[in-house]
Amino acid sequence: MGLREQRVNFSKDKYITVFTDPQAIDTVLKSEKESSLCDLVQKWLERTPGLETNGFNFWQKFEETVHNQIECLKFQFQHENDEKRRTELESEYEQKIKTFESLFDVERHDALVSRGERRFSHKALQGALMISLYREEPRFNQPFHILTQLMDIDALITKWRCK
């Protein structure tokens, strides 16, 4: 499903040694060379309609909206009279700045990917965000449900591994 680099060895040996049937071994080795589900989903997300810079340009509209919201938050804390509330709003503002910088700065995003803190390319992240935000639109309703099901599978596999 996409976790090649995280496979656990079996009894201090490569996991493939548990198979005895040569055909099964060959099938597993071939599958390792093919694109994983994770690879395919990432490529699919990168092709999300609306990410093009000509035309609708979702990413530019999303970035402008986020910056406007952050500026509103900045205005709120700068004009807040209650010191405790101002401190809370300023903290929230600074946290949002950090979060969204990692979304909009491709280099920062790529650094997170290289450290293993994110898995998908910046373009795939854009596609996933667009699908999530426009999930009620007919064009993105089914892709949203597919992504939701994939996240459910991931959560269930994680839960299974921890048992």
Side-chain angles (χ1 to χ4, degrees), residues 1-9 14-16 26-77 88-163:
M1 292 183 75
L3 300 176
R4 289 185 185 104
E5 67 279 355
Q6 296 176 356
R7 285 203 169 126
V8 177
N9 290 334
K14 280 193 63 98
Y15 74 95
I16 197 81
D26 187 48
T27 301
V28 170
L29 292 174
K30 282 181 183 175
S31 75
E32 288 181 343
K33 294 176 183 158
E34 296 173 352
S35 294
S36 68
L37 177 60
C38 185
D39 297 334
L40 296 172
V41 168
Q42 180 169 224
K43 289 175 186 169
W44 171 65
L45 287 170
E46 289 173 348
R47 295 189 314 267
T48 302
L51 295 180
E52 311 83 23
T53 54
N54 57 351
F56 180 66
N57 197 349
F58 160 75
W59 199 245
Q60 179 185 357
K61 291 179 187 310
F62 179 66
E63 191 169 358
E64 289 169 2
T65 302
V66 165
H67 286 298
N68 288 339
Q69 292 297 319
I70 288 174
E71 285 302 311
C72 286
L73 194 56
K74 182 179 180 181
F75 180 82
Q76 281 180 329
F77 87 76
E88 290 172 357
L89 288 171
E90 186 173 10
S91 176
E92 184 182 342
Y93 167 79
E94 289 171 2
Q95 184 58 44
K96 287 191 184 303
I97 290 284
K98 285 181 187 176
T99 300
F100 286 112
E101 280 178 352
S102 74
L103 282 179
F104 298 122
D105 183 347
V106 178
E107 289 177 13
R108 194 172 290 197
H109 174 83
D110 291 345
L112 291 169
V113 170
S114 69
R115 289 195 311 260
E117 295 178 38
R118 290 198 183 147
R119 298 238 3 172
F120 285 170
S121 69
H122 193 255
K123 188 85 169 179
L125 171 73
Q126 291 175 356
L129 273 168
M130 183 170 187
I131 289 168
S132 179
L133 292 171
Y134 288 93
R135 64 183 166 265
E136 298 301 324
E137 295 294 323
R139 173 182 240 176
F140 294 117
N141 191 263
Q142 189 173 13
F144 175 74
H145 287 293
I146 291 169
L147 290 178
T148 302
Q149 293 298 313
L150 289 170
M151 289 186 293
D152 289 347
I153 290 168
D154 183 57
L156 290 169
I157 288 174
T158 301
K159 190 175 182 179
W160 172 74
R161 282 184 180 150
C162 293
K163 286 189 176 196

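The residues of the chain are indexed from 1 along the displayed sequence.
E52 places a side-chain N or O within 3.5 Å of a backbone atom of G50 that can act as its donor or acceptor partner. Checking side-chain atoms of S132 against main-chain N and O of A128 turns up no donor-acceptor pair under 3.5 Å.
Residues passing the side chain to side chain donor-acceptor pair (under 3.5 Å) test with R115, sequence neighbours excluded: E117. With sequence neighbours excluded, the residues that form a salt bridge (Lys or Arg N to Asp or Glu O under 4.0 Å) with K30 are D26. With sequence neighbours excluded, no residue forms a side chain to side chain contact (heavy atoms under 4.5 Å, CB included) with E136. Shown here are the salt bridge (Lys or Arg N to Asp or Glu O under 4.0 Å) partners of E101, two or more places apart in sequence or in another chain: R108.
The ring-ring contact (aromatic ring centres under 6.0 Å, His included) contacts involving residues 91-119 comprise W59-F104, F62-F104, H67-F104, F77-Y93, H109-H122, where partners must be two or more places apart or lie in separate chains.
For the pair V66/L103, no side-chain contact is recorded, criterion being any heavy-atom separation below 4.5 Å from C-beta on. Side-chain contact between L51 and K123: present, with at least one pair of heavy atoms (C-beta onward) separated by less than 4.5 Å.
In this structure, K159 NZ and I157 CD1 are separated by 13.5 Å, a value rounded to the nearest 0.5 Å. Here R119 contributes atom CZ and D154 contributes atom CG; the two are 9.0 Å apart, rounded to the nearest 0.5 Å. To the nearest 0.5 angstrom, I153 atom CD1 is 14.0 Å from W160 atom CH2. Here the CG atom belonging to L125 is positioned 10.5 Å from the CG atom belonging to L112, to the nearest 0.5 angstrom. Here OG1 of T65 is found 7.5 Å from CD of Q69. Values are rounded to the nearest 0.5 Å. Within the model, atoms CD of Q126 and CG of L129 stand 8.5 Å from one another, a figure rounded to the nearest 0.5 Å.
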Would you please test S36 and D39 for side-chain hydrogen bond (donor to acceptor under 3.5 Å, both in side chains) and show each step? CA-CA 5 Å; S36 68; D39 297 334; 3.2 Å; yes
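Heavy-atom minimum distance, T53 versus N57: O-ND2, 3.3 Å. Summarising the geometry of E46 relative to A124, their closest heavy-atom pair is CG-N, 3.6 Å, with the distance given to 0.1 Å.
Environment of CZ in F56: crowded, with over 12 heavy atoms of neighbouring residues, nucleotides or ligands closer than 6.0 Å.
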Can you list, pair by pair, the side-chain donor-acceptor contacts under 3.5 Å of residues 138-152, counting residues two or more places apart and other chains?
{"residue": "N141", "atom": "OD1", "partner": "H145", "partner atom": "NE2", "Å": "3.4"}
{"residue": "N141", "atom": "ND2", "partner": "R135", "partner atom": "O", "Å": "3.1"}
{"residue": "T148", "atom": "OG1", "partner": "F144", "partner atom": "O", "Å": "2.9"}

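Remark: of the listed residues E94, K96, E88, K96 is the sole one forming a side chain to side chain contact (heavy atoms under 4.5 Å, CB included) with E92.
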